[in-house]
Amino acid sequence: MTRITIDPITRLEGHGKIEIFLDEAGDVHNTYFQIPELRGFERFCVGRPVEEMPLLTNRICGVCPEAHHMAAAKAGDAVYGVDPPSAAKKLRELLYMGFYFTDHTTHFYALGGPDFVMGPDAPVAERNILGVIHKVGLEIGGKVIQARKYGHTVVEMLGGRKVHPCTSIPGGVTKGLSEAERVDIEEMGRWAVEFAQFSLQLFADIVLGNQQYVDLILGDIYSDRTHYIGLVDDNNLVNFYDGKVSVVDPDGKRLGKYAPEEYTDWIAEHVEPWTYLKFPYLKQVGWKGFVGGNDSGVYMATPLSRLNAADGMATPLAQAEYERFYETLGGKPVHQRLAIHWARLIELLYAAERWMELATDPEITSKDIHTVPTKVPTEGVGIVEAPRGTLTHHYWTDERGILTKVNLIVGTTNNYAPITMSIKKAASSLISAGTVVTEGMLNMVEMAFRAYDPCFGCATHSLPGQMPLQVTIRDADGGVVDVLRQNC
Amino acid sequence: MSANGNKNEEGKERIGVYVCHCGSNIAGVVDVKDVAVWAKEEMGDEGVVVARDYKFMCSSLGQELIENDIKELGLTRVVVAACSPHLHEQTFRTAAERAGLNPYLSELVSIREQVSWVHTDKVKATEKAKAVVAGGIERVIQNEPLEPLRVPIHPATLVVGGGIAGIQAALEIADAGHKVYLVEREPSIGGHMAQFDKTFPTLDCAACILTPRMVSVGEHPNIELLTWSEVERVEGYVGNFSVTVRKRPRYVDTELCTGCGICWEKCPKKVIDEVFEVGIGYRTAVYTPFPQAVPKYPVIDTETCIYFQNGKCKACEKLCPTGAIKFDQEEEIVLLEVGNIIIATGFDLFDARRIPEYGYGRLANVFTSAEFERMCNAAGPTDGEVVMRDGVSKPASVGIVHCVGSRDRNYNNYCSVICCMSSLKFAHLVKERTGAEVYNFYIDMRTAYKDYDEFYQRVMGEGVLFVRGRVAEITDATRSPGEEGKLVIQVEDTLAGRQRRIPVDMAILAVGLEPRADAKEVAKKFGISCSAAGWITEKHPKLDPVATMTEGIFIAGAVQGPKDIPTSVAQGAAAAARVLSRISRGEIYLEPIRATVNAEMCSGCRICNNLCPFNAIIFHEDLMVSEINHALCQGCGTCVAACPAGAISGTGFSNEQVLSQIEGLLEFSFAEEPVLMEMTPA
Amino acid sequence: MSDNGKPKFAMYWAASCGGCEIAVLNINEKILDVDANFEVVFWPVAMDAKYKDVEAMPDKSITLTLFNGGIRNEENEHLARLLRQKSQILVAFGSCATEGCIPGLANLSSTEQIFAAAYDSVSTVNPDGVRPEYAYDIPEGELYIPAFYPVLKTLDQVVDVDYYMPGCPPESHQIAAVVDLVIKALHGEAELPPKGATIGAGMSTVCDECGRKRHVKKVKKFVRIHEVEEIDPELCLLEQGILCNGPATREGCGALCPSAGAACIGCYGPAQGALDYGARLMTALASVIDSNDPEEIDSILDGIVDPVGSFYRFSLPHSLLRAAKPAWTNGSR
Amino acid sequence: MSEQFEPVIIGFTCNWCSYRAADMAGTARIKYPPNVRLIRLMCSGRLDPTFVLKALSGGADGVLITGCHPGECHYLEQNYKALRRYLLLRRTLAQMGIEPERVKLVWASAAEGVRLAREIGVFVDEVRDLGPLRWPTSLPAVHAEEAKMMEEVAA
């Protein structure tokens with residue numbers, strides 16, 4: 001049997017390793033997507049004071065520390081049964097919008113973008129952010145840098161730091177917003193909305209305007225029928241910071257919504273001995289392996305999932321794009337994975353609009369930003385939407401608020417099963433008898449999961465590291481026919 | 001940052017190791033030859049170029065051995081393994097210096113007190129000796145050349161307390177031709193001794209021997225007397241103290257006053273004198289405590305003076321021939337610059353009321369030793385007559401109770417030293433003046449020192465009765481006709497082995513000595529330490545009893561612990577001698593063990609600011625950094641250990657030195673097979 | 001890879017969260033200077049490159065390598081050794097590589113304790129107690145995942161390091177400054193600091209950069225930040241009883257957290273020359289406890305609810321003890 | 001281990017009290033076990049927890065800290081600072097899986113040679129009962145072990 005190892009997958013924050021097994025005929029027999037590491041946060045957070053969790057779990061992922069910061073803060077509120085002042089909640093959400101704006105921008109232009117902007121089979125050395133800048137021009141490159149800068153500025157103003165914010169504590173936040181700061185944030189927000197619209201236009205021009213890409217997106221290679229989940233507000237509109245988790249089946253039918261503390265009734269995790277990462281699935285539907293369809297508990301949690309699981313967007317411009325999205329792709333739900341890139345840009349716009357709403361909310365400069373917890377701490381769950389999926393933090397503490405147990409279900413982990421399926425599907429369609437595996441083709445395989453913007457820095461909250469990406473083709477006797485190595 | 005290795009860039013230090021036999025003291029237990037051989041062979045990598053063992057390293061020949069090696073082999077570091085640094089550190093430092101090596105680049109490690117004398121297993125002892133030597137080698141590599149600190153000495157001296165000890169000290173220094181400031185809290189100097197009539201064992205009159213001394217203090221051109229005054233604040237450090245003294249107003253112009261005494265003779269206000277007459281005599285509102293007071297000038301007690309109380313009278317002002325009375329006088333703040341300070345603030349007496357079963361304050365004819373001293377004094381309230389509380393009737397029987405408040409775990413565990421002898425003195429005086437029957441109730445008789453026991457024999461010869469046992473109770477509750485109208489002393493006679501009830505007319509309580517009530521504040525004020533009880537701690541109980549841990553501050557007399565007059569006088573003179581030697585040298589050398597702040601690394605967090613009891617750490621608000629005054633720093637290293645930024649370094653005991661020594665000491669941690677932790681892959 | 005004569009730049013992440021990469025992207029316009037002055041030959045998160053090319057490079061042909069992340073498994077160590085071999089200047093970049101960082105807290109637990117927490121969690125359906133296995137037989141053959149070391153190590157515990165750049169992550173302005181310095185040095189316009197130096201940070205500690213008022217320190221009570229009714233925005237947090245690591249933490253961040261009303265948690269590691277970060281903090285805090293009575297001192301210390309977590313949050317693997325007993329003994333005793 | 005385990009103990013002494021007490025014990029020929037190796041500091045207040053951690057991580061099985069009795073510190077009150085650090089250090093060690101009993105604080109005045117010798121004897125027995133610490137960082141073998149392990153897993 002021939003064995004192909006892709007290891008690691010470049011340009012995803014974190015680590016991964018793919019094993020592709022070909023049968024005698026040279027067709028794909030099976031694929032394994034392995035996460036090689038585990039860091040042990042659930043273990044070593046035990047014994048720590050709960051108010052430190054927003055700071056410790058930050059370090060699960062430097063790409064989306066704000067998501068962990070928020071989930072941890074909300075879990076902390078829950079542990080103490082304290083309801084932060086509404087100004088505090090708005091300040092947290094505003095910070096979060098700044099983060100979403102930066103993160104989605106980063107992914108589109110630096111990580112996922114190059115596949116489209118440069119083209120899947122562009123020279124390796126150019127398939128990166130610098131390549132993108134060279135292609136779209138320094139002026140746009142400048143805009144991209146500006147966008148990331150603005151987002152981080154908001155994060156820094158409210159979170160105290162650009163990376164790994166430090167201001168959320170049980171019951172609220174430690175830092176308020178001055179009027180002067182608010183004015184700055186409002187101005188940047190106005191620019192942010194324009195940039196989001198500009199990015200959607202760029203996508204329309206470069207991607208939707210290019211039939212090859214459209215075919216790629218709509219083609220069957222990158223499509224899987226799975227369940228979808230995403231956080232929604234009371235009106236079932238997409239929300240990143242708060243609300244209930246909406247679950248829809250492959251037909252788009254809503255199976256229900258669950259509150260944070262109910263997550264264990266809905267989500268369960270499956271363990272395989274050949275990888276460190278677990279496979280979450282819908283408990284009521286059950287684990288049926290790496291298959292799609294209504295009977296398989298496999299679900300996806302991405303920008304696309306959030307759009308599929310919600311009834312719309314809470315801001316006007318984003319809502320318009322939302323409608324255009326489903327019109328173009330033929331109605332809900334959309335199963336094509338590459339559409340995640342587009343969905344991400346719609347969320348980018350929503351984040352920018354929400355940013356403006358909050359920046360102009362009179363309450364945002366209130367001094368009432370913290371409620372001292374009075375109840376005896378016990379147990380609590382905090383859920384937010386991380387850019388890469390629903391993020392769940394569940395803490396148990398002793399009466400002093402010292403953690404006795406921790407459970408985390410992290411953004412990317414949600415997508416472990418669907419990613420595995422996408423890889424197998426992409427590989428099967430791209431590699432068949434007699435095919436000579438090319439680098440471009442490998443990248444096409446990578447594209448399958450890069451669309452998820454998988455962050456295994458996050459996923460491996462439970463061990464990080466990076467492995468060489470390598471394709472080894474062996475003949476039936478296991479002798480090495482050819483070795484292709486991709487990156488590091 | 002690795003602590004070991006060595007800092008000398010241009011290669012390793014050249015180290016000499018010298019292992020002393022100390023005759024058989026070390027060699028008898030430690031295989032010194034093996035240690036020397038090992039040092040040369042095993043510690044060569046660390047820079048040991050020569051290692052010798054020798055019979056007596058401290059002998060002149062031993063020292064020459066080191067000096068020659070330094071010169072001929074160009075040693076840059078020396079380690080001597082011998083006795084305690086407290087014995088010979090200086091010896092070997094000097095030897096190194098003679099050979100041109102900075103003395104602080106030598107290290108003396110103890111393999112005698114800490115090895116050969118305390119261990120028996122020769123193998124283990126030798127191994128430990130090697131570890132100790134290794135520690136010394138690693139440490140000495142990190143040593144830095146240092147220069148002792150020179151501090152000039154201001155020739156003036158402050159003596160605090162005008163009792164006999166302070167008087168003695170002041171006179172010694174003044175006679176040597178140096179300025180002395182003598183500060184006394186009371187209106188006159190003289191202290192407790194001035195209250196006595198006779199002094200044991202010679203029974204010569206206290207006034208006769210004390211007064212001349214007081215007078216010469218008063219007249220001495222080199223002594224500036226500040227009575228009715230207290231030390232407010234002490235700043236600076238050895239050689240350069242600046243002392244603030246608060247001088248309370250006397251309301252008498254000492255320029256004009258002649259001490260004629262008209263004012264106190266005419267003063268209409270009589271009050272009980274609680275201080276000098278301990279409550280059994282009177283004084284006037286304007287007064288001198290006693291006739292021979294020095295200075296002779298009176299003070300006006302504003303608490304009792306009629307004028308100060310209700311604005312009338314002014315009799316003294318009207319009658320003063322020189323117009324010396326000044327009701328508008330105000331308190332003065334005097335600033336003194338001195339090089340050394342002698343503290344002789346003496347003691348307080350135990351308050352007999354604290355032992356209710358002895359009935360003092362409740363039973364009229366129970367007296368304290370202080371009251372009895374005044375009663376015996378010819379110039380006292382009873383003109384020397386020994387009488388009962390009624391002031392007329394003489395006692396037919398007197399009981400003297402020893403150890404009141406002393407040697408008693410309920411009050412003070414210590415022996416107050418003087419009570420036995422003064423009780424004997426009381427017994428003699430009672431006999432002499434009343435012929436009454438006298439009982440002494442004692443636990444043990446303590447009559448050490450010259451002529452003391454002879455005095456004991458003599459008093460026994462006078463027919464004084466001695467009962468060995470702690471008095472349980474003094475009561476007026478009578479059980480038999482014989483006890484009627486008497487005080488009954490209940491005691492277990494431990495010689496007769498039975499309980500006895502002895503009726504007497506008068507009881508005298510020989511109360512113990514206690515530290516001054518404000519001893520702890522005084523100690524803090526001067527930056528010295530005192531025991532839990534409050535006696536000031538001397539630098540060394542045997543070898544340095546009049547010095548304190550704080551350079552330039554000395555102690556004399558009972559402030560250090562209970563003492564009789566001769567010892568107090570001796571200490572006064574001793575303290576003076578210590579001060580004079582410094583004054584004549586003009587400067588002193590201090591061990592250069594000091595802490596220093598690296599301003600660049602100091603974050604101004606102010607963690608260290610509260611840690612120095614000598615106030616050596618100053619914070620510069622403008623620069624936001626802390627700084628250490630080397631003259632004030634005593635080198636304890638507490639701030640060095642506390643600095644979170646590692647910005648404070650300490651000479652003599654730097655982190656590098658200590659950490660390296662630890663590494664050296666641990667070189668033999670694994671004589672036997674190390675226990676390996678199981679390390680299996682996940 | 002085309003050799004355009006430019007000095008070569010590499011950045012690699014071992015056991016890290018990716019925050020260091022983001023921090024580098026956050027130097028914004030400066031990233032273009034990097035592009036202009038260096039040939040980026042290797043940077044997994046940002047670009048594709050061929051591992052075999054790195055292997056093929058002559059020794060010391062990479063001018064500057066920023067290595068972030070701790071050494072969690074043998075793969076991390078393998079790359080550390082390779083990049084050491086290929087690089088002229090190897091920088092331990094960020095808290096993980098220099099001190100071990102938050103993931104270093106794993107050194108408090110044994111491997112099995114870590115696995116149990118992950119694979120027997122409430123949301124996990126794992127009746128057979130399945131554990132990931134280093135080598136596992138599947139129908140198609142055998143699958144391997146890297147075994148990890150029982151104890152996480154810092155970069156300088158496996159290879160020789162030229163410079164240390166602390167911070168979690170290093171602040172972008174510090175990164176920019178270092179980039180400038182290296183570029184200047186390449187053009188002979190500046191001197192590089194001596195080997196082993198810490199770069200991109202100051203000599204003193206966070207208090208030096210902190211704007212809060214401070215006085216002579218005396219602590220009668222330690223309080224937890226969320227329990228404080230109202231945090232005085234002007235006053236030193238430690239003087240408010242809030243355990244702040246500022247006094248012991250190397251300056252360089254600009255005292256960001258204290259300025260935002262949050263305590264310093266020590267991500268910049270120990271000050272210059274400090275052998276053990278936690279010890280510095282312990283000794284400083286204990287010294288200012290305002291009591292001499294053992295019972296009272298103990299009750300004040302009860303206010304420090306998690307000593308190891310507070311003192312070694314970022315520096316456990318680089319501390320003198322490096323790991324707690326369960327990690328060393330791997331739970332076997 | 002077969003024969004009796006002999007712990008290695010580092011003792012920190014104060015120049016003014018406990019070091020003199022040790023001298024006095026020597027002068028009086030009072031015997032105590034050779035397991036303890038003393039370091040002289042000027043004051044227990046100089047004791048930096050780093051020293052204790054250095055000793056433990058460097059192979060010591062126990063650490064004895066000695067200083068002047070409360071109220072009798074040569075430097076007035078610095079021994080209280082040692083006390084505070086000691087109490088905090090023990091809490092930290094416990095969390096690191098090191099028995100706090102391996103570090104002990106003993107007050108001993110210059111006059112208490114006998115007492116110091118007795119305390120040393122007691123502590124040596126206490127540490128012997130706790131068994132070896134032999135912290136891995138002090139063992140060259142650890143790295144060998146780790147290396148061996150790496151080979152195993154790399155194979």
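Protein chains get the first letters and strands the later ones, always in sequence-line order, with residue 1 at the start of each.
Residues D/Arg37 and B/Glu127 are paired through a salt bridge, judged by an N-O separation under 4.0 Å between the basic side chain and the carboxylate. Under the 4.0 Å criterion applied to side-chain N and carboxylate O atoms, B/Glu89 and D/Arg40 are assigned as salt-bridge partners.
Summarising the geometry, atom CG belonging to D/Asn15 is positioned 7.5 Å from atom CD1 belonging to B/Ile593; distances are rounded to the nearest 0.5 Å. Put simply, OH on D/Tyr19 and OG on B/Ser84 are 4.5 Å apart, with the number rounded to the nearest 0.5 Å. Interatomic distance, CD of B/Glu113 versus CZ of D/Arg29, reported as 8.5 Å (0.5 Å rounding). Here the OG1-CG distance, from B/Thr550 to D/Leu76, works out to 6.0 Å after rounding to the nearest 0.5 Å. Interatomic distance, D/Ile9 CD1 to B/Leu666 CG, rounded to the nearest 0.5 Å: 11.5 Å.
Most heavy-atom pairs under 4.5 Å with chain B: of the set D/Thr27, D/Ile39, D/Val36, this distinction falls to D/Ile39. Most heavy-atom pairs under 4.5 Å with chain D, from the set B/Arg139, B/Arg112, B/Gln657, B/Lys128: that is B/Lys128. Here D/Asp23 is the residue among D/Leu47, D/Ile10, D/Ile30, D/Asp23 with the most heavy-atom pairs under 4.5 Å with chain B. Contact count versus chain B (heavy atoms, under 4.5 Å) is highest, among D/Gly26, D/Cys43, D/Ala82, for D/Gly26. Counting heavy-atom pairs closer than 4.5 Å to chain D, the top residue among B/Pro85, B/Cys636, B/Gly637 is B/Cys636.
Within the 4.5 angstrom heavy-atom criterion, no atom of D/Cys14 approaches chain B. Contact annotation for D/Pro70: neither backbone nor side-chain heavy atoms come within less than 4.5 Å of a heavy atom of chain B. For B/Asp121, no part lies under 4.5 angstrom from a heavy atom of chain D. Looking at D/Lys81, only its side chain comes within 4.5 Å of chain B, counting heavy atoms on both sides. Of the two parts of B/Cys639, neither the backbone nor the side chain holds a non-hydrogen atom closer than 4.5 Å to a non-hydrogen atom of chain D. Both the backbone and the side chain of B/Ala642 come within contact range of chain D, with heavy atoms under 4.5 Å apart. Heavy atoms closer than 4.5 Å to chain D are found in both the backbone and the side chain of B/Leu611.
For B/Lys539, the salt bridge (charged side-chain N to carboxylate O under 4.0 Å, His left out) partners two or more places apart in sequence, or in a different chain, are B/Glu551.
Contacts classified as side chain to side chain donor-acceptor pair (under 3.5 Å) and involving residues 632-648 of chain B (residues at least two apart or in different chains) are given here: B/Thr638-D/Gln78.
For B/Lys524, the NZ atom sits in a loose shell: 12 or fewer heavy atoms of surrounding residues, nucleotides or ligands are nearer than 6.0 Å.
Within residues 644-652 of chain B, no residue has any heavy atom closer than 4.5 Å to a heavy atom of chain D. Chain B is approached within less than 4.5 Å, heavy atom to heavy atom, by D/Arg85 from residues 84-94 of chain D, ordered by number.
Remark: the backbone N or O of B/Phe653 is paired with a side-chain donor or acceptor of D/Arg46 at under 3.5 angstrom.
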Derivation of the side-chain contact (heavy atoms from CB on, under 4.5 Å) call for D/Phe51 and B/Gln661:
CA-CA 10 Å; D/Phe51 299 163; B/Gln661 189 175 6; over 6 Å; no
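Smallest separation of non-hydrogen atoms from D/Lys31 and B/His119: CD-N, 4.2 Å.
Contact of the D/Thr50 side chain with the B/Asn655 side chain is not registered, since no non-hydrogen atoms from C-beta on lie closer than 4.5 Å.
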